[in-house]
Amino acid sequence: MICIGKLDKNFRRLEALIEKNRKSFSNYNTVRMRETIRYLTLEKFKLFLKIPFLLHINAPGYPGFISTGPVAHGIYNFENCGFFNSAIEENIFPKSIQEYIRVKDPSVSALYHIGSLGTFTQGQSSDFDYWVVVNKNQFKPEKYANLEKKLNDIVKYSREKYDQQVSFFIIDANTVREDTQKLAARDQMIAIPRIFLKEEFYRTYLMIAGKIPLWSILPSELTDKFERQRMAGQVLSAHEDIIDIGPVGAIPFTDVLKGLLWHICKSVEDPIKALIKATMVFSYEFGLKKHKTLLCDKIKKRYADAGIDDYSADPYKALFDRILEFHEHCDPDGIHLIKNAIFFRLCEYPNVKLPQKSSPKYQLLTHYTRNWKLKTNQFNKLLSYQSWSEPEKLLLEKAVIQRLAQMFNLAIKKAEKPARLFTTNEAITNWEILKNKTRMRLHQKKSKINPCSMYLKTQPMKQLIIEQSSKGWKLLTRCEGHQDLTL
(Lines give C-alpha, C1' and ligand atoms only; values in the text may rest on other atoms or scores of the structure.)
Protein backbone atom coordinates (compact mmCIF):
# COMPACT_ATOMS: atom_id res chain seq x y z
CA MET A 1 0.00 0.00 0.00
CA ILE A 2 1.37 3.41 -1.07
CA CYS A 3 1.33 6.13 1.58
CA ILE A 4 0.10 9.32 -0.13
CA GLY A 5 1.27 11.48 2.76
CA LYS A 6 4.82 10.15 2.45
CA LEU A 7 4.83 10.75 -1.33
CA ASP A 8 3.65 14.33 -0.79
CA LYS A 9 6.34 14.88 1.80
CA ASN A 10 9.06 13.53 -0.52
CA PHE A 11 7.79 15.68 -3.37
CA ARG A 12 7.79 18.81 -1.21
CA ARG A 13 11.32 18.00 -0.09
CA LEU A 14 12.41 17.61 -3.74
CA GLU A 15 10.69 20.88 -4.71
CA ALA A 16 12.47 22.72 -1.91
CA LEU A 17 15.80 21.30 -3.06
CA ILE A 18 15.16 22.25 -6.70
CA GLU A 19 14.17 25.78 -5.70
CA LYS A 20 17.30 26.12 -3.58
CA ASN A 21 19.52 24.85 -6.41
CA ARG A 22 17.76 27.10 -8.92
CA LYS A 23 18.59 30.15 -6.79
CA SER A 24 22.20 29.00 -6.46
CA PHE A 25 22.52 28.63 -10.21
CA SER A 26 20.89 32.02 -10.81
CA ASN A 27 23.38 33.59 -8.41
CA TYR A 28 26.32 31.98 -10.21
CA ASN A 29 25.04 32.91 -13.67
CA THR A 30 24.58 36.54 -12.57
CA VAL A 31 28.17 36.70 -11.30
CA ARG A 32 29.48 35.24 -14.56
CA MET A 33 27.33 37.61 -16.63
CA ARG A 34 28.73 40.61 -14.78
CA GLU A 35 32.25 39.43 -15.60
CA THR A 36 31.28 39.07 -19.27
CA ILE A 37 30.06 42.65 -19.42
CA ARG A 38 33.15 43.91 -17.56
CA TYR A 39 35.46 42.89 -20.43
CA LEU A 40 33.20 43.75 -23.39
CA THR A 41 33.59 47.03 -25.26
CA LEU A 42 30.43 49.12 -25.56
CA GLU A 43 29.90 48.03 -29.17
CA LYS A 44 30.43 44.34 -28.41
CA PHE A 45 28.08 44.67 -25.42
CA LYS A 46 25.36 46.00 -27.74
CA LEU A 47 25.87 43.04 -30.06
CA PHE A 48 25.80 40.66 -27.10
CA LEU A 49 22.35 42.04 -26.22
CA LYS A 50 21.17 42.04 -29.82
CA ILE A 51 21.94 38.44 -30.76
CA PRO A 52 19.24 36.69 -28.67
CA PHE A 53 16.79 39.43 -29.67
CA LEU A 54 17.50 38.85 -33.38
CA LEU A 55 17.06 35.10 -32.91
CA HIS A 56 13.75 35.68 -31.16
CA ILE A 57 12.11 38.08 -33.63
CA ASN A 58 11.34 37.78 -37.34
CA ALA A 59 10.97 41.37 -38.48
CA PRO A 60 11.50 42.98 -41.92
CA GLY A 61 14.64 45.07 -42.10
CA TYR A 62 16.46 43.19 -39.33
CA PRO A 63 19.20 40.56 -39.69
CA GLY A 64 17.80 37.04 -39.82
CA PHE A 65 14.44 37.98 -41.32
CA ILE A 66 12.85 35.04 -43.15
CA SER A 67 10.32 36.20 -45.74
CA THR A 68 9.16 32.88 -47.20
CA GLY A 69 8.46 29.38 -45.97
CA PRO A 70 7.91 28.20 -42.39
CA VAL A 71 9.49 30.63 -39.93
CA ALA A 72 11.97 29.32 -37.36
CA HIS A 73 12.44 31.88 -34.64
CA GLY A 74 11.55 32.61 -31.04
CA ILE A 75 13.17 31.56 -27.76
CA TYR A 76 11.10 30.00 -24.98
CA ASN A 77 9.95 32.61 -22.41
CA PHE A 78 12.24 35.26 -23.90
CA GLU A 79 10.01 38.18 -22.83
CA ASN A 80 10.71 37.36 -19.18
CA CYS A 81 14.50 37.08 -19.39
CA GLY A 82 17.11 39.64 -18.47
CA PHE A 83 18.34 40.07 -22.05
CA PHE A 84 14.93 41.26 -23.20
CA ASN A 85 14.67 43.77 -20.36
CA SER A 86 18.26 45.00 -20.88
CA ALA A 87 17.76 45.48 -24.62
CA ILE A 88 14.64 47.54 -23.93
CA GLU A 89 16.34 49.60 -21.21
CA GLU A 90 19.41 50.28 -23.38
CA ASN A 91 17.19 51.30 -26.33
CA ILE A 92 18.98 48.78 -28.52
CA PHE A 93 15.82 48.48 -30.62
CA PRO A 94 13.05 51.01 -31.33
CA LYS A 95 9.71 50.58 -29.56
CA SER A 96 8.10 49.65 -32.87
CA ILE A 97 9.90 46.31 -32.78
CA GLN A 98 7.89 45.23 -29.74
CA GLU A 99 5.00 44.14 -31.95
CA TYR A 100 7.19 41.22 -33.07
CA ILE A 101 8.10 40.14 -29.54
CA ARG A 102 5.28 37.75 -28.78
CA VAL A 103 5.92 34.41 -30.44
CA LYS A 104 3.16 31.86 -30.13
CA ASP A 105 5.27 28.77 -30.83
CA PRO A 106 8.99 29.48 -30.22
CA SER A 107 11.38 27.27 -32.20
CA VAL A 108 14.29 27.45 -29.76
CA SER A 109 14.07 25.78 -26.36
CA ALA A 110 17.19 27.47 -24.97
CA LEU A 111 20.12 29.66 -25.94
CA TYR A 112 23.42 29.24 -24.10
CA HIS A 113 26.88 30.70 -24.58
CA ILE A 114 29.79 28.29 -24.23
CA GLY A 115 33.45 29.15 -23.89
CA SER A 116 35.57 32.00 -22.62
CA LEU A 117 33.01 34.77 -22.05
CA GLY A 118 32.57 35.54 -18.36
CA THR A 119 35.83 33.80 -17.48
CA PHE A 120 39.40 34.93 -16.93
CA THR A 121 40.28 33.85 -20.46
CA GLN A 122 37.89 36.33 -22.06
CA GLY A 123 39.74 38.84 -24.23
CA GLN A 124 39.09 41.42 -26.94
CA SER A 125 39.34 38.71 -29.60
CA SER A 126 37.09 36.15 -27.85
CA ASP A 127 34.53 34.55 -30.12
CA PHE A 128 30.81 34.42 -29.32
CA ASP A 129 29.91 30.71 -29.44
CA TYR A 130 26.29 29.70 -28.85
CA TRP A 131 24.42 26.49 -28.37
CA VAL A 132 20.96 26.80 -29.95
CA VAL A 133 18.96 23.98 -28.36
CA VAL A 134 15.93 22.72 -30.29
CA ASN A 135 13.66 19.70 -30.52
CA LYS A 136 14.59 18.56 -34.01
CA ASN A 137 11.57 16.24 -34.20
CA GLN A 138 9.43 19.37 -34.53
CA PHE A 139 11.39 20.65 -37.53
CA LYS A 140 10.56 19.78 -41.11
CA PRO A 141 13.50 20.13 -43.55
CA GLU A 142 12.37 23.55 -44.85
CA LYS A 143 11.90 24.96 -41.36
CA TYR A 144 15.31 23.66 -40.26
CA ALA A 145 16.90 25.20 -43.36
CA ASN A 146 15.27 28.54 -42.49
CA LEU A 147 16.69 28.35 -38.95
CA GLU A 148 20.16 27.79 -40.40
CA LYS A 149 19.65 30.70 -42.80
CA LYS A 150 18.56 32.96 -39.96
CA LEU A 151 21.61 32.06 -37.90
CA ASN A 152 23.94 32.53 -40.87
CA ASP A 153 22.48 36.00 -41.47
CA ILE A 154 23.16 36.95 -37.83
CA VAL A 155 26.73 35.61 -38.16
CA LYS A 156 27.28 37.72 -41.27
CA TYR A 157 25.78 40.82 -39.64
CA SER A 158 27.99 40.37 -36.55
CA ARG A 159 31.12 40.06 -38.68
CA GLU A 160 30.38 42.95 -41.03
CA LYS A 161 28.87 45.41 -38.54
CA TYR A 162 30.89 44.62 -35.39
CA ASP A 163 33.93 42.68 -36.65
CA GLN A 164 32.92 39.91 -34.25
CA GLN A 165 33.30 36.18 -34.88
CA VAL A 166 30.02 34.46 -33.94
CA SER A 167 29.26 30.75 -34.22
CA PHE A 168 25.97 28.95 -33.64
CA PHE A 169 25.81 25.20 -32.97
CA ILE A 170 22.31 23.80 -33.40
CA ILE A 171 21.90 21.17 -30.69
CA ASP A 172 19.07 18.65 -30.70
CA ALA A 173 18.02 18.17 -27.08
CA ASN A 174 17.12 14.51 -27.59
CA THR A 175 20.32 13.32 -29.26
CA VAL A 176 22.67 15.35 -27.06
CA ARG A 177 20.87 13.97 -24.00
CA GLU A 178 21.65 10.43 -25.19
CA ASP A 179 25.16 11.41 -26.37
CA THR A 180 24.39 10.39 -29.95
CA GLN A 181 24.65 13.80 -31.64
CA LYS A 182 27.63 14.22 -33.95
CA LEU A 183 29.56 17.23 -32.72
CA ALA A 184 32.27 18.51 -35.02
CA ALA A 185 34.43 21.54 -34.42
CA ARG A 186 34.48 24.57 -36.67
CA ASP A 187 36.59 23.92 -39.80
CA GLN A 188 37.64 20.46 -38.63
CA MET A 189 37.15 16.98 -40.05
CA ILE A 190 37.69 15.37 -36.67
CA ALA A 191 34.85 14.69 -34.28
CA ILE A 192 35.39 16.05 -30.77
CA PRO A 193 35.04 13.49 -27.95
CA ARG A 194 31.44 14.19 -26.89
CA ILE A 195 32.06 13.76 -23.19
CA PHE A 196 34.63 16.58 -23.13
CA LEU A 197 32.44 18.91 -25.11
CA LYS A 198 29.55 18.31 -22.72
CA GLU A 199 31.82 18.68 -19.67
CA GLU A 200 33.18 21.96 -21.06
CA PHE A 201 29.63 23.11 -21.76
CA TYR A 202 28.52 22.54 -18.17
CA ARG A 203 31.77 24.02 -16.86
CA THR A 204 31.66 27.26 -18.86
CA TYR A 205 28.15 27.90 -20.15
CA LEU A 206 26.21 31.10 -19.63
CA MET A 207 22.43 30.96 -19.49
CA ILE A 208 21.24 33.48 -22.08
CA ALA A 209 17.54 32.69 -22.48
CA GLY A 210 15.05 29.84 -22.48
CA LYS A 211 14.99 26.70 -20.37
CA ILE A 212 17.43 25.87 -17.57
CA PRO A 213 19.50 22.68 -17.98
CA LEU A 214 18.32 20.01 -15.57
CA TRP A 215 21.95 19.15 -14.74
CA SER A 216 22.44 22.57 -13.12
CA ILE A 217 19.76 22.06 -10.51
CA LEU A 218 20.04 18.36 -9.72
CA PRO A 219 22.21 17.45 -6.71
CA SER A 220 25.92 17.03 -7.51
CA GLU A 221 26.02 13.78 -5.52
CA LEU A 222 23.40 12.15 -7.77
CA THR A 223 25.43 9.46 -9.58
CA ASP A 224 23.02 6.50 -9.68
CA LYS A 225 21.54 6.29 -13.19
CA PHE A 226 18.10 5.02 -12.14
CA GLU A 227 17.78 7.48 -9.26
CA ARG A 228 18.63 10.29 -11.66
CA GLN A 229 15.97 9.12 -14.12
CA ARG A 230 13.37 8.98 -11.36
CA MET A 231 14.22 12.43 -10.03
CA ALA A 232 14.49 13.89 -13.55
CA GLY A 233 11.01 12.60 -14.40
CA GLN A 234 9.52 14.26 -11.32
CA VAL A 235 11.26 17.59 -11.93
CA LEU A 236 10.50 17.79 -15.66
CA SER A 237 6.83 16.93 -15.14
CA ALA A 238 6.49 19.78 -12.62
CA HIS A 239 8.64 22.44 -14.32
CA GLU A 240 8.13 23.40 -17.96
CA ASP A 241 11.11 25.82 -17.88
CA ILE A 242 13.67 23.04 -17.29
CA ILE A 243 15.21 20.93 -20.06
CA ASP A 244 17.20 17.71 -19.86
CA ILE A 245 20.23 17.66 -22.16
CA GLY A 246 21.78 14.76 -20.31
CA PRO A 247 24.32 14.07 -17.57
CA VAL A 248 28.06 13.73 -18.02
CA GLY A 249 29.61 10.66 -16.50
CA ALA A 250 33.05 9.22 -15.83
CA ILE A 251 35.56 9.75 -18.64
CA PRO A 252 36.79 6.51 -20.29
CA PHE A 253 40.42 6.12 -21.34
CA THR A 254 39.52 6.13 -25.05
CA ASP A 255 38.12 9.64 -24.68
CA VAL A 256 41.15 10.76 -22.67
CA LEU A 257 43.32 9.51 -25.52
CA LYS A 258 41.25 11.25 -28.20
CA GLY A 259 40.88 14.41 -26.15
CA LEU A 260 44.63 14.64 -25.61
CA LEU A 261 45.37 14.23 -29.31
CA TRP A 262 42.63 16.70 -30.16
CA HIS A 263 44.26 19.45 -28.11
CA ILE A 264 47.69 18.65 -29.54
CA CYS A 265 46.24 19.27 -33.00
CA LYS A 266 44.66 22.51 -31.77
CA SER A 267 48.04 23.72 -30.48
CA VAL A 268 48.69 25.07 -33.99
CA GLU A 269 46.11 27.78 -33.24
CA ASP A 270 47.14 28.50 -29.62
CA PRO A 271 49.89 26.43 -27.97
CA ILE A 272 49.36 27.90 -24.48
CA LYS A 273 45.62 27.21 -24.45
CA ALA A 274 46.22 23.72 -25.86
CA LEU A 275 48.81 22.88 -23.19
CA ILE A 276 46.44 23.88 -20.39
CA LYS A 277 43.51 21.89 -21.80
CA ALA A 278 45.63 18.87 -22.74
CA THR A 279 47.03 18.75 -19.20
CA MET A 280 43.49 18.87 -17.80
CA VAL A 281 42.51 15.91 -20.00
CA PHE A 282 45.71 14.04 -19.11
CA SER A 283 45.09 14.49 -15.37
CA TYR A 284 41.80 12.57 -15.56
CA GLU A 285 43.71 9.39 -16.37
CA PHE A 286 47.21 9.96 -15.01
CA GLY A 287 46.52 12.11 -11.93
CA LEU A 288 45.44 11.37 -8.39
CA LYS A 289 42.23 9.49 -7.64
CA LYS A 290 40.44 12.76 -6.77
CA HIS A 291 41.38 14.15 -10.20
CA LYS A 292 38.76 11.84 -11.72
CA THR A 293 36.10 14.19 -10.31
CA LEU A 294 34.76 16.21 -13.22
CA LEU A 295 35.59 19.90 -13.00
CA CYS A 296 32.03 20.84 -13.93
CA ASP A 297 30.75 18.92 -10.88
CA LYS A 298 33.29 20.64 -8.65
CA ILE A 299 32.20 24.06 -9.93
CA LYS A 300 28.49 23.27 -9.52
CA LYS A 301 28.98 22.60 -5.81
CA ARG A 302 30.08 26.21 -5.39
CA TYR A 303 27.24 27.92 -7.29
CA ALA A 304 25.77 29.32 -4.08
CA ASP A 305 29.13 30.67 -2.89
CA ALA A 306 29.85 32.77 -5.98
CA GLY A 307 30.14 36.47 -5.21
CA ILE A 308 30.60 39.65 -7.18
CA ASP A 309 34.29 40.35 -7.95
CA ASP A 310 35.20 36.96 -6.48
CA TYR A 311 37.95 35.26 -8.49
CA SER A 312 37.28 31.90 -6.85
CA ALA A 313 33.97 31.67 -8.74
CA ASP A 314 35.61 31.57 -12.15
CA PRO A 315 35.55 28.18 -13.97
CA TYR A 316 39.15 28.60 -15.05
CA LYS A 317 40.40 28.90 -11.49
CA ALA A 318 39.18 25.35 -10.89
CA LEU A 319 40.96 24.25 -14.06
CA PHE A 320 44.20 26.08 -13.16
CA ASP A 321 44.16 24.67 -9.63
CA ARG A 322 43.61 21.16 -10.98
CA ILE A 323 46.58 21.21 -13.35
CA LEU A 324 48.83 22.86 -10.76
CA GLU A 325 47.95 20.18 -8.22
CA PHE A 326 48.50 17.48 -10.84
CA HIS A 327 52.02 18.74 -11.53
CA GLU A 328 52.86 19.22 -7.85
CA HIS A 329 51.95 15.62 -7.00
CA CYS A 330 52.42 13.68 -10.24
CA ASP A 331 54.81 15.56 -12.52
CA PRO A 332 56.88 18.21 -10.70
CA ASP A 333 59.32 18.54 -13.63
CA GLY A 334 56.62 20.23 -15.72
CA ILE A 335 55.35 22.69 -13.14
CA HIS A 336 57.39 25.70 -14.25
CA LEU A 337 56.07 25.47 -17.80
CA ILE A 338 52.46 25.13 -16.63
CA LYS A 339 52.88 28.14 -14.32
CA ASN A 340 54.14 30.16 -17.28
CA ALA A 341 51.18 28.97 -19.34
CA ILE A 342 48.71 30.07 -16.64
CA PHE A 343 50.45 33.45 -16.38
CA PHE A 344 50.19 33.97 -20.15
CA ARG A 345 46.55 32.78 -20.25
CA LEU A 346 45.60 35.36 -17.60
CA CYS A 347 47.49 38.07 -19.54
CA GLU A 348 45.77 37.45 -22.91
CA TYR A 349 48.58 35.62 -24.72
CA PRO A 350 49.92 36.30 -27.32
CA ASN A 351 49.26 40.04 -26.83
CA VAL A 352 50.48 39.81 -23.26
CA LYS A 353 49.51 42.64 -20.91
CA LEU A 354 48.42 43.04 -17.28
CA PRO A 355 44.67 42.68 -16.57
CA GLN A 356 42.69 45.63 -15.20
CA LYS A 357 44.00 46.21 -11.67
CA SER A 358 40.48 46.31 -10.20
CA SER A 359 39.42 43.04 -11.80
CA PRO A 360 39.17 39.53 -10.29
CA LYS A 361 41.54 38.39 -13.06
CA TYR A 362 44.25 40.68 -11.70
CA GLN A 363 43.52 39.47 -8.16
CA LEU A 364 43.98 35.85 -9.24
CA LEU A 365 47.20 36.64 -11.10
CA THR A 366 48.50 38.34 -7.94
CA HIS A 367 47.39 35.36 -5.84
CA TYR A 368 49.28 32.90 -8.04
CA THR A 369 52.48 34.91 -8.48
CA ARG A 370 52.73 35.41 -4.71
CA ASN A 371 52.14 31.73 -4.02
CA TRP A 372 54.75 30.82 -6.63
CA LYS A 373 57.17 33.34 -5.08
CA LEU A 374 57.78 34.70 -8.57
CA LYS A 375 60.66 37.18 -8.44
CA THR A 376 60.26 40.66 -9.90
CA ASN A 377 62.69 40.02 -12.75
CA GLN A 378 60.85 36.76 -13.63
CA PHE A 379 57.49 38.53 -13.55
CA ASN A 380 58.75 41.35 -15.77
CA LYS A 381 60.33 38.89 -18.19
CA LEU A 382 57.03 37.07 -18.71
CA LEU A 383 55.12 40.33 -18.96
CA SER A 384 57.50 41.62 -21.64
CA TYR A 385 56.69 38.67 -23.94
CA GLN A 386 55.70 40.96 -26.81
CA SER A 387 59.24 42.36 -26.94
CA TRP A 388 60.94 38.95 -26.84
CA SER A 389 62.97 38.09 -29.91
CA GLU A 390 61.37 35.73 -32.40
CA PRO A 391 63.79 32.87 -31.44
CA GLU A 392 62.79 33.31 -27.78
CA LYS A 393 59.10 33.05 -28.64
CA LEU A 394 59.75 29.95 -30.73
CA LEU A 395 61.74 28.42 -27.87
CA LEU A 396 58.69 28.73 -25.61
CA GLU A 397 56.51 27.04 -28.22
CA LYS A 398 59.09 24.30 -28.68
CA ALA A 399 58.97 23.61 -24.93
CA VAL A 400 55.17 23.36 -25.13
CA ILE A 401 55.35 20.94 -28.07
CA GLN A 402 57.89 18.79 -26.23
CA ARG A 403 55.59 18.61 -23.21
CA LEU A 404 52.63 17.68 -25.40
CA ALA A 405 54.78 14.97 -27.01
CA GLN A 406 55.65 13.56 -23.58
CA MET A 407 51.97 13.27 -22.66
CA PHE A 408 51.21 11.74 -26.07
CA ASN A 409 53.93 9.09 -25.69
CA LEU A 410 52.79 8.14 -22.17
CA ALA A 411 49.16 7.82 -23.30
CA ILE A 412 50.08 5.72 -26.35
CA LYS A 413 52.30 3.50 -24.19
CA LYS A 414 49.43 2.86 -21.77
CA ALA A 415 47.06 2.08 -24.64
CA GLU A 416 49.60 -0.46 -26.04
CA LYS A 417 47.59 -1.08 -29.24
CA PRO A 418 45.22 1.92 -29.33
CA ALA A 419 43.60 0.99 -32.66
CA ARG A 420 41.94 -1.97 -30.90
CA LEU A 421 40.12 0.45 -28.57
CA PHE A 422 37.97 1.68 -31.46
CA THR A 423 35.43 -0.73 -32.89
CA THR A 424 33.32 1.10 -35.50
CA ASN A 425 34.59 2.13 -38.95
CA GLU A 426 33.83 5.77 -38.16
CA ALA A 427 35.75 5.64 -34.88
CA ILE A 428 38.73 3.91 -36.52
CA THR A 429 38.81 6.49 -39.36
CA ASN A 430 38.55 9.35 -36.91
CA TRP A 431 41.37 7.88 -34.82
CA GLU A 432 43.67 7.51 -37.85
CA ILE A 433 43.07 11.14 -38.91
CA LEU A 434 43.64 12.35 -35.37
CA LYS A 435 46.81 10.27 -34.95
CA ASN A 436 48.30 11.44 -38.26
CA LYS A 437 47.54 15.10 -37.58
CA THR A 438 49.11 14.74 -34.13
CA ARG A 439 52.32 13.25 -35.53
CA MET A 440 52.53 16.02 -38.12
CA ARG A 441 52.22 18.57 -35.33
CA LEU A 442 54.82 16.94 -33.08
CA HIS A 443 57.37 16.16 -35.80
CA GLN A 444 58.16 19.07 -38.10
CA LYS A 445 59.82 17.93 -41.34
CA LYS A 446 63.18 19.58 -42.04
CA SER A 447 62.20 20.14 -45.67
CA LYS A 448 59.36 22.47 -44.62
CA ILE A 449 59.68 26.20 -44.00
CA ASN A 450 60.13 26.88 -40.29
CA PRO A 451 56.93 28.15 -38.66
CA CYS A 452 56.77 31.60 -37.11
CA SER A 453 55.64 32.21 -33.54
CA MET A 454 52.03 32.45 -32.46
CA TYR A 455 52.63 36.12 -31.71
CA LEU A 456 53.83 36.87 -35.22
CA LYS A 457 50.89 34.99 -36.75
CA THR A 458 48.44 37.32 -35.02
CA GLN A 459 50.12 40.59 -35.97
CA PRO A 460 48.82 42.65 -38.90
CA MET A 461 51.50 42.80 -41.62
CA LYS A 462 52.09 46.24 -43.09
CA GLN A 463 54.41 44.94 -45.80
CA LEU A 464 56.78 42.16 -46.79
CA ILE A 465 60.31 43.05 -47.83
CA ILE A 466 62.78 40.93 -49.85
CA GLU A 467 66.42 41.80 -49.27
CA GLN A 468 69.62 40.33 -50.62
CA SER A 469 72.53 39.75 -48.25
CA SER A 470 75.89 38.03 -48.38
CA LYS A 471 74.19 34.81 -47.27
CA GLY A 472 71.43 34.99 -49.87
CA TRP A 473 67.92 36.37 -49.94
CA LYS A 474 65.97 37.30 -46.80
CA LEU A 475 62.23 37.77 -46.36
CA LEU A 476 61.33 40.44 -43.78
CA THR A 477 57.96 41.44 -42.45
CA ARG A 478 57.14 44.88 -41.14
CA CYS A 479 54.45 44.75 -38.43
CA GLU A 480 52.59 47.76 -37.10
CA GLY A 481 54.49 49.29 -34.18
CA HIS A 482 57.29 46.69 -34.30
CA GLN A 483 60.74 46.40 -35.79
CA ASP A 484 61.37 44.33 -38.90
CA LEU A 485 61.44 40.58 -38.26
CA THR A 486 63.25 38.03 -40.38
CA LEU A 487 61.10 35.23 -41.64
A.B. asks: What are the two closest non-hydrogen atoms of Phe408 and Ile264, and how far apart are they?
C.D. replies: CB-CD1, 3.8 Å

A.B. asks: Enumerate the salt bridge (charged side-chain N to carboxylate O under 4.0 Å, His left out) contacts for residues 103-118, please, sequence neighbours excluded, ordered by first and then second residue.
C.D. replies: none

A.B. asks: Any side-chain to backbone donor/acceptor pair from Asp153 onto Phe65? Under 3.5 Å, distance only.
C.D. replies: no

A.B. asks: Is Lys161 close to Pro63 at the side-chain level, that is, under 4.5 Å between some pair of heavy atoms?
C.D. replies: no

A.B. asks: Are the side chains of Leu295 and Tyr284 in touch, meaning some heavy atoms are under 4.5 Å apart?
C.D. replies: yes

A.B. asks: Sequence neighbours excluded and cut-off under 3.5 Å, please list the side-chain donor-acceptor pairs for residues 44-51, or say none.
C.D. replies:
residue: Lys44; atom: NZ; partner: Gln164; partner atom: OE1; Å: 3.0
residue: Lys50; atom: NZ; partner: Tyr157; partner atom: OH; Å: 2.8
residue: Lys50; atom: NZ; partner: Tyr162; partner atom: OH; Å: 2.8

A.B. asks: Heavy atoms, side chains only, cut-off 4.5 Å: are Gln122 and Glu35 in contact?
C.D. replies: no

A.B. asks: Compare every heavy atom of Val71 with every heavy atom of Ile66, then report the nearest pair and how far apart it is.
C.D. replies: O-CG1, 4.3 Å

A.B. asks: Considering non-hydrogen atoms only, spot the tightest contact between Tyr28 and Ala306 and give its length.
C.D. replies: CD1-CB, 3.9 Å

A.B. asks: So, do Tyr311 and Tyr362 have ring centers that fall under 6.0 Å from each other?
C.D. replies: no

A.B. asks: What residues form a side chain to side chain donor-acceptor pair (under 3.5 Å) with Ser158, not counting sequence neighbours?
C.D. replies: none

A.B. asks: List in chain and number order the residues that pass side chain to side chain donor-acceptor pair (under 3.5 Å) with Asp241, two or more places apart in sequence or in another chain; answer none if no residue qualifies.
C.D. replies: Arg22

A.B. asks: For the backbone of Ala72 and the side chain of Asn146, can you confirm whether one donor and one acceptor N or O come within less than 3.5 Å of each other?
C.D. replies: no

A.B. asks: Answer yes or no for Lys273 and Tyr349: cation-pi contact, defined as NZ/CZ to six-membered ring centre under 6.0 Å and angle to ring axis within 45°.
C.D. replies: no

A.B. asks: Is there a donor-acceptor pair closer than 3.5 Å between any side-chain N or O of Lys361 and the backbone N or O of Phe120?
C.D. replies: yes

A.B. asks: Is the backbone N or O of Asp129 less than 3.5 Å from a side-chain atom of Asp127, with the two atoms forming a donor-acceptor pair by type?
C.D. replies: no

A.B. asks: Report yes or no: do Gln459 and Asn351 form a side-chain donor-acceptor pair below 3.5 Å?
C.D. replies: yes

A.B. asks: Which pair of non-hydrogen atoms, one from Thr119 and one from Thr121, has the smallest distance, and what is that distance?
C.D. replies: OG1-OG1, 2.8 Å

A.B. asks: Under 30°, 30 to 60°, or over 60°: which ring-plane class applies to Tyr202 and Trp215, parallel, tilted or perpendicular?
C.D. replies: parallel

A.B. asks: Under the salt bridge (charged side-chain N to carboxylate O under 4.0 Å, His left out) rule, what pairs show up with a residue in residues 274-284, not counting sequence neighbours?
C.D. replies: Glu200-Lys277

A.B. asks: Can you name the closest pair of heavy atoms from Val352 and Leu382 and give their distance?
C.D. replies: CG1-O, 3.9 Å

A.B. asks: If the test is side-chain contact (heavy atoms from CB on, under 4.5 Å), which one of His263, Glu199, Lys258 qualifies with Val281?
C.D. replies: His263

A.B. asks: Is the cationic atom of Lys136 (NZ for Lys, CZ for Arg) positioned less than 6.0 Å from the six-membered ring centroid of Tyr144 and within 45 degrees of its normal?
C.D. replies: yes

A.B. asks: Can you run down the salt bridge (charged side-chain N to carboxylate O under 4.0 Å, His left out) pairs that involve residues 63-84, sequence neighbours left out, and say none if there aren't any?
C.D. replies: Glu79-Arg102

A.B. asks: Could you check whether Arg32 makes a cation-pi contact with Tyr205, meaning its NZ or CZ is under 6.0 Å from the centre of the six-membered ring and within 45° of the ring axis?
C.D. replies: no

